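Everything numeric here is computed off the predicted structure, so don't read it as measured data.
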Amino acid sequence: MALNACAYLRGGASMGGSCMAYGRVADGSIDISIDGGLDPYDYCALVPVVTGAGGCITDWQGRPLTLTSGNLCLAAANEALHRQVLETLN
């Protein structure tokens, strides 16, 4: 569903894959990663990795990830792409 909605975006995308996909966003090998089944112990450590590489990572509503964010996570290579994906998801 979410990945199909973002299929028109250039570059690679991943739905699922947890930390490996977010590492790929950080190293530039894919542009976005979308997850719908993460726990805080899965995504909290990803925030400084993705943002430190110049990317953006939030929940599917664009809110910062916290211990109470739920299980929906979106990371993109940059803020402009992140906004575009959020618009597509919502």
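Applying the salt bridge (Lys or Arg N to Asp or Glu O under 4.0 Å) test to residues at least two apart or on different chains, none of the pairs has a partner in residues 67-88.
Asp39 places no side-chain N or O within donor-acceptor distance of the main-chain N or O of Tyr41, the cut-off being under 3.5 Å. At distances below 3.5 Å, at least one donor-acceptor pair connects side-chain atoms of Trp60 with backbone N or O atoms of Cys73.
Closest approach of Tyr22 to Leu38, counting heavy atoms only: OH-CD1, 4.0 Å. Across all their heavy atoms, Leu65 and Leu72 have their closest contact at CD2-O, 4.3 Å.
The NE2 atom of His82 sits 10.0 Å away from the CD1 atom of Ile32 when rounded to the nearest 0.5 Å. Within the model, atoms CD of Gln61 and CG of Leu89 stand 9.0 Å from one another, a figure rounded to the nearest 0.5 Å. Ile57 CD1 to Asp35 CG: the interatomic distance, rounded to the nearest 0.5 Å, is 9.0 Å.
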Show me the donor-acceptor pairs, under 3.5 Å and distance only, between side chains in residues 43-53 and residues at least two apart or in other chains.
from, atom 1, to, atom 2, distance (Å)
Tyr43, OH, Thr66, O, 2.7
Tyr43, OH, Gly70, O, 3.4
Thr51, OG1, Val47, O, 2.7

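For Arg63, the salt bridge (Lys or Arg N to Asp or Glu O under 4.0 Å) partners are Asp59, not counting sequence neighbours. By the side-chain contact (heavy atoms from CB on, under 4.5 Å) test, Asn71 is found to be paired with no residue, residues two or more places apart in sequence or in another chain being considered.
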